[in-house]
Amino acid sequence: MSKTKYVFVTGGVTSSLGKGIIAASLAKLLQARGYSVTIQKFDPYINVDPGTMNPYEHGECYVTDDGAETDLDLGHYERFLNVPTSQANNVTTGRIYQTVIDNERTGKYLGKTVQVIPHITDEIKRRMRLLGDSGEYDIVITELGGTVGDIESLPYVESLRQLRWDLGVDDTCVIHLTLIPYLRAAGELKTKPTQHSVKGMLELGVQPDILVCRTERKLNQDIRRKIALFCNVKQNAVIESMDVDTIYEVPLVMLKEKLDRVTLSRLKLSAKKDPELTRWKDFLFKLSHPKGEVNIGLIGKYVELPDAYKSINEAFIHGGAMNECKVNIHSIHSEGIDGTNVAEKLKNLDGVLVAPGFGDRGIEGKIETIRYIRENNIPFFGICLGMQCAVIEFARNVAGHKDAHSTEMNVRTKNPVIDLMESQKKLKKMGGTMRLGAYKCSIQKGTLASKIYGKTSISERHRHRYEFNNKYMAEFEKGGMKMTGINPENNLVEIVEIPEHRFFIGVQFHPELKSTVANPHPLFVRFVRAAMEYNQR
Ligand code: GLN
């Protein structure tokens with residue numbers, strides 16, 4: 001195989017410019033031209049991983065098959081490329097320092113003073129090359145989190161500078177994402193922040209090869225010429241990135257702007273062939289030409305922050321497009337729901353998803369929601385905590401165990417229908433100790449789940465500590481709630497259903513993490529269909 005080439009994506013001027021989407025879009029185009037590509041993200045914060053962070057801090061925590069708790073951008077990478085990521089695809093400053101400090105404690109540095117340069121930068125460089133060294137990829141795209149100029153980003157930009165020389169300048173390409181603001185009072189697009197941002201890069205010894213410019217207005221030739229002149233890039237390397245309706249359009253916008261071609265020519269690679277994007281375009285067409293629409297309630301406690309349920313929102317976009325149906329998501333705060341207002345809050349919904357989550361806040365609102373939709377035969381989909389709440393609700397209102405609860409919320413309940421796994425009981429450390437990553441599940445034949453998946457053996461990703469308490473299995477089965485998916489190795493319940501209900505399914509795992517444009521998750525596809533059928537009744 002030829003030598004692996006490295007593309008780096010940095011950001012300047014402000015955060016939230018969408019580096020992850022640009023990286024994923026470029027990767028999609030290169031993949032569609034026949035290259036094997038992966039994307040990794042380096043985050044400059046001190047947490048070892050985002051697993052211990054509150055969603056308000058960091059948005060959703062994305063979990064990979066190998067059980068890494070990672071940045072939500074990895075979700076975009078998988079959704080765009082349809083290739084799984086792993087622990088190696090997300091590295092934080094905390095992890096880098098942890099490795100270096102462990103090395104120091106085991107005497108690996110032979111008495112040297114351990115310093116940011118070379119020890120931290122060497123470890124960053126080692127990790128930057130890890131996926132490339134596997135020999136599996138033609139191109140590795142590395143997104144550097146944060147904004148150039150931040151103190152915490154310095155070691156990363158320095159590592160990138162060094163790596164360019166270690167690898168050879170033709171084997172690397174640096175794409176810098178910036179903002180070209182439009183000043184209404186002046187009636188002009190302004191390039192100065194971009195000039196300063198590139199100057200910031202130059203001070204650190206890195207000349208960007210390509211500038212991707214986020215802008216609300218088109219960049220005319222004069223502006224492009226000016227940016228090229230002041231920032232030492234070719235004019236065709238000034239790429240316009242206008243705001244679009246959906247992130248899934250970005251690869252096509254980048255194709256038009258030739259981001260892929262300019263990158264390949266910088267890396268001295270051939271364009272190979274025109275990108276094969278038939279399925280992608282088909283998906284986009286369906287997405288923008290829906291034949292119907294449904295209203296889905298998303299009941300959670302982080303509803304103010306759309307990034308907290310990122311993968312669920314995206315999985316609905318994929319599942320909606322498959323059904324040629326627009327999915328309107330109505331986020332409803334579970335804290336505000338009680339027996340007096342539940343009917344009003346859930347009015348006009350065609351289906352309800354109860355979201356994953358941790359802790360006590362808003363739990364009774366979720367349980368009340370499920371009571372209402374179970375009694376009124378409204379399509380229900382519960383994920384992780386959402387499934388656990390369905391079990392608690394069933395225990396209380398059908399099986400008659402009024403005090404039933406999860407021991408996460410009430411350790412003293414006499415009916416711990418959701419309880420801590422044995423293996424979790426002795427754990428003291430919080431980080432990385434949940435049941436994480438892919439586990440197998442066997443589905444009973446003839447059930448809703450088996451119809452949805454079209455098979456009886458599946459693998460799905462997990463992130464939880466608590467489980468269905470199997471002591472209640474026989475009683476619940478008799479009462480009408482069936483445990484239709486079981487982990488074949490340890491008998492843990494993975495899927496519950498109420499067959500008498502129109503559509504009632506709860507899953508202990510996180511199906512949203514595996515939904516991609518090429519492979520929309522069947523549970524979301526089928527749940528949207530159930531909502532469409534309910535809507536047309
Ligand atoms: N808090 C629950 C548990 O730890 C559910 C977790 C989740 O929804 N991801 O088991």
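Numbers here are sequence positions counted from 1. Whatever order the structure lists them in is the order used to number ligands and atoms, beginning at 1.
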Protein heavy-atom partner closest to [atom] - residue, atom, separation in Å:
| atom | answer |
| --- | --- |
| atom 3 (C) of ligand 1 | Arg465 N, 3.5 Å |
| atom 10 (O) of ligand 1 | Tyr466 N, 2.8 Å |
| atom 9 (N) of ligand 1 | Arg463 O, 2.9 Å |
| atom 7 (C) of ligand 1 | Cys384 SG, 3.0 Å |
| atom 1 (N) of ligand 1 | Glu408 OE1, 2.7 Å |

Partners passing side chain to side chain donor-acceptor pair (under 3.5 Å) against Asp102 (at least two apart in sequence or in another chain)
none
Heteroatom distance test (Met434, ligand 1): nitrogen or oxygen, under 3.5 angstrom
no
Give yes or no for whether the N/O distance cutoff of 3.5 Å, strictly under, is met between Gly357 and ligand 1.
yes
Face-on cation placement of Arg526 at Phe524 ring, 6.0 Å and 45° thresholds
no
Any donor-acceptor N/O pair, Thr64 side chain to Ala68 backbone, under 3.5 Å:
yes
Looking at the rings of Tyr302 and His333, which for Trp means the six-membered one, are their centres under 6.0 Å apart?
no
Measure His464 to ligand 1 on non-hydrogen atoms and call it side chain, backbone, both or neither using the 4.0 Å cut-off.
both
State which residue, out of Thr516, Leu26, Ile247, Ile39, fulfils the side chain to side chain contact (heavy atoms under 4.5 Å, CB included) condition with Phe80.
Ile247
Mind checking whether Glu467 has a heavy atom under 4.0 Å from ligand 1?
no
